[in-house]
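Working notes for the structure below.
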Amino acid sequence: MNISSDQQDTLIRQLAAAFIYFICLVAFYCDIGEDMGADYFLPVALPLLAALVLAQRATGLPLFAREGLFHLAAGLGWCSAFPLLYAWTYQSVWYQSLICFDFIVGTAIFLTLMGLSGAFAASRHTRLCGAVLALLDFAALVVPFIQYAYYCIVWHCLSPASLMALYLTNWRESIDFIESNVGTGPALLIIACFAVFLICAARVNAALLRRMRRQGRDDAQLGTSLLLVILGAAALLYYVPQTSFGGLVSDVRTYVAETQTYGDGHEDRYAALDIDGTQTLPTRAPGTVIVVIGESASRNYMHAFTPDFPFEDTPWLDSQLTNPAFNVFTNAYSCWSQTVPVLQRALTEQSQYNDREFFNSTSILDVAKKAGYTTYWFSNQGRYGQYDSAITLVAKTADHAEWTDDSYNFSDKYDETLLNYLGTVDPAQNNFIVLHIMGSHIYYNNRYPTEFSKWHGESEVSSVESYANSILYTDFILSQIFDYAQKNLHLQAMLYFSDHGENLTISHNPDVFSFDMVRIPMFIYLSDAYRAALPGRTRAIHYHRSRYFTNDMLYDTVSGLLNAPSSRYMEGQDITSPTYAHSRADLTTMLGQQLIVSDPDGGVETGF
């Protein structure tokens, strides 16, 4: 097919405009420190560039035509809102894959609106079509506006917890929030600005339609416009749930579904929990049991578990490897790569291997109470206010529950803050204490004080060196917890495990799974008194140190550790039991989506 010189010039201009759009947005992300990453943006470059050229052919106008600026603003709002506000809030990087999805969705909004304009240009009802397009512009900007408005009010980007509070508030609370944080006058001014926006957008969009109609429309342009609308709508349906904001909404829905049902019938479940109190650990070896829940710790990057790891980041645990009181489990895995799905299972009967539901389960705190302990929950992770996460809902059933940070955000306190809470525990009682630490939650350099900055790499935020520093600090915290409890609280047993692991390139995003995201550390300490009181369990724990295990079986393991079996206990899931039934061949991770046997770096399993 011959192409005239004018057509060639037009195509070159259209391609140039598409490249300018694409490169400017990539440069914007780089400038704010939120690079999409070549692995993500290069695969979508050609399809998006082609679509941007199609938009110009469909409308017959330049990509940056003055009359199309409202459509462009709607798309750029989506492209920019979350990455920019996250960067301003945390001064650190967000997931590259999610930034790429934000970019795709913002561009798809722009292209869809331009395609609709091209289709509407054939109509004689210019004003009506312009008004409809204005409403669509406004609807597309609602989510970015909410994010920017929230940031202007609290100087923090939306998080799952803050979105949960906004999502679940009633109209009266919404009005109170606006009045107290914005004021009635400014709120009315904002509403007036919305009206002005709609009027201006309707007029500009009508001008866009008139300009296209003056230039003449043919069937090819109409078909291209409709194709653009179809492709843009399909992209929105597929990618919006995967964007940063879509992820927040998904989290909210999950949390709401869980927290609205767990409390129903909890008292009845607890009352029905039947445990023989004459045989439990506190009757045989009075004292304290401590469970420490780590965060984002992968045994791949811990010297005690991986001796060839170049950084000696676990000096205290290394020193305990020859101590017969310590049992280090070399083949422990997480059941998922994110905290809430993991801990709602680790803390309760629910696991990958049974049909228990979270909302109908008892927890390790219930078992500990029935076994004869006063229960404590101390957390250095923020909780979710009025509408709590599954973790918080379980935690609040403890006799004493405290958080170092009650805000909607992650705690910015170091884990040593938790040591102060141990001083509030009565040593004269039998105590069951859960400590939930921040551990190595990204970004790693925020998790330890400067004196633990032993190694330095190219990136202080997410390098292997900063991660090793965070593990070094966790090792110190574990040593301090152990020393204090042994000296002051008659420590009988201490269990440490991480919620999930970490990949130092992509963190623990389940969409790009790798096994280091689920390879976790775990150890159990047993005192002399414990070993004398329960020699059978002591032998089983020692014998099973290399057995494969997933942390959704912690409920049964804690029940066994406390020697507190019940009708809500599965002995085959208890690694402290001589009849522990699982092995590498039948275990799974990622809630059954991945076979543990598929891990290419799995260790040797003995102890059958």
Side-chain angles (χ1 to χ4, degrees), residues 269 273-277 279-285 289-293 326-335 342-356 358 361-373 394 432 434 492-499 520-527 530-531 533-589 596 605-608:
R269 293 196 299 274
L273 184 62
D274 186 19
I275 292 174
D276 183 358
Q279 301 299 316
T280 58
L281 178 61
T283 64
R284 296 189 175 195
V289 173
I290 294 179
V291 174
V292 182
I293 303 172
F326 276 79
N327 300 274
V328 175
F329 294 85
T330 56
N331 289 313
Y333 288 77
S334 173
C335 62
V342 169
L343 294 188
Q344 76 175 52
R345 290 165 175 81
L347 300 174
T348 71
E349 298 171 73
Q350 185 184 28
S351 80
Q352 300 174 96
Y353 317 109
N354 61 33
D355 57 358
R356 299 284 189 180
F358 170 75
S361 296
T362 55
S363 73
I364 61 172
L365 294 172
D366 297 330
V367 172
K369 282 185 185 181
K370 276 293 177 81
Y373 289 99
V394 171
F432 181 84
V434 179
Q492 299 295 359
M494 178 172 165
L495 186 156
Y496 164 72
F497 74 99
S498 183
D499 55 357
I520 61 169
M522 176 174 158
F523 71 74
I524 296 176
Y525 159 81
L526 304 175
S527 70
Y530 185 105
R531 286 179 283 165
L534 298 171
R537 293 203 179 275
T538 300
R539 286 192 299 271
I541 291 170
H542 182 78
Y543 194 52
H544 291 158
R545 288 175 300 167
S546 69
R547 291 290 295 273
Y548 276 72
F549 179 82
T550 54
N551 62 2
D552 51 332
M553 298 189 285
L554 254 298
Y555 167 86
D556 296 293
T557 294
V558 169
S559 296
L561 187 67
L562 303 183
N563 207 43
S566 68
S567 58
R568 290 179 172 265
Y569 161 75
M570 299 178 68
E571 190 170 13
Q573 293 190 164
D574 173 13
I575 205 167
T576 77
S577 168
T579 59
Y580 173 65
H582 290 279
S583 68
R584 183 185 186 189
D586 59 60
L587 289 175
T588 60
T589 184
I596 297 293
E605 183 175 30
T606 61
F608 290 95

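Residue numbers count from 1 along this sequence. Only heavy atoms go into these numbers, but all of them, side chains included; no hydrogens, no water, no symmetry mates.
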Item to check | Ring geometry between Y333 and Y548 (parallel below 30°, tilted from 30 to 60°, perpendicular above 60°) | outcome: parallel
Checklist entry - Quick one: are F358 and V394 in side-chain contact, heavy atoms under 4.5 Å? => result yes
Item to check | Residue that, paired with S546, satisfies side-chain hydrogen bond (donor to acceptor under 3.5 Å, both in side chains) out of N331, T606, T330 | outcome: T606
Checklist entry - When the aromatic ring centroids of F549 and H544 are compared, is their separation below 6.0 Å? => result no
Next on the checklist: So, using side chain to side chain donor-acceptor pair (under 3.5 Å) as the criterion, who are the partners of R531 when residues are at least two apart?
Outcome noted: D528
Checklist entry - Any side-chain donor paired with an acceptor under 3.5 Å for T579 and E571? => result yes
Checklist entry - Ignoring hydrogens and geometry, is there a side-chain-to-backbone donor-acceptor pair from D556 to M570 under 3.5 Å? => result yes
Next on the checklist: side chain to side chain donor-acceptor pair (under 3.5 Å), that's the test. Do Q573 and S351 meet it? Break it down for me.
Outcome noted: CA-CA 9 Å; Q573 293 190 164; S351 80; 3.0 Å; yes
Checklist entry - Can you tell me if D499 uses its side chain to pair, donor with acceptor, with the backbone of V342 under 3.5 Å? => result no
Checklist entry - With T588, which residues qualify under side chain to side chain donor-acceptor pair (under 3.5 Å), at least two apart? => result Q352
Checklist entry - Rounded to the nearest 0.5 Å, what separation is found between the CZ atom of R269 and the OG1 atom of T348? => result 9.5 Å
Item to check | Contacts of type side-chain contact (heavy atoms from CB on, under 4.5 Å), residue S566, not counting sequence neighbours | outcome: L273, I275, Y555, R568, Y569
Next on the checklist: For D276, is the CG atom crowded, meaning more than 12 foreign heavy atoms sit under 6.0 Å from it?
Outcome noted: yes
Checklist outcome for this item: Value for CD (Q350) from CZ (R356), rounded to nearest 0.5 Å, stands at 11.0 Å
Checklist entry - Are R537 and D574 close enough for a salt bridge, meaning some N to O gap below 4.0 Å? => result yes
Checklist entry - Can you tell me how far OG of S577 sits from CG of N563, rounded to the nearest 0.5 angstrom? => result 10.5 Å
Checklist outcome for this item: Value for OG (S583) from CD1 (I596), rounded to nearest 0.5 Å, stands at 11.0 Å
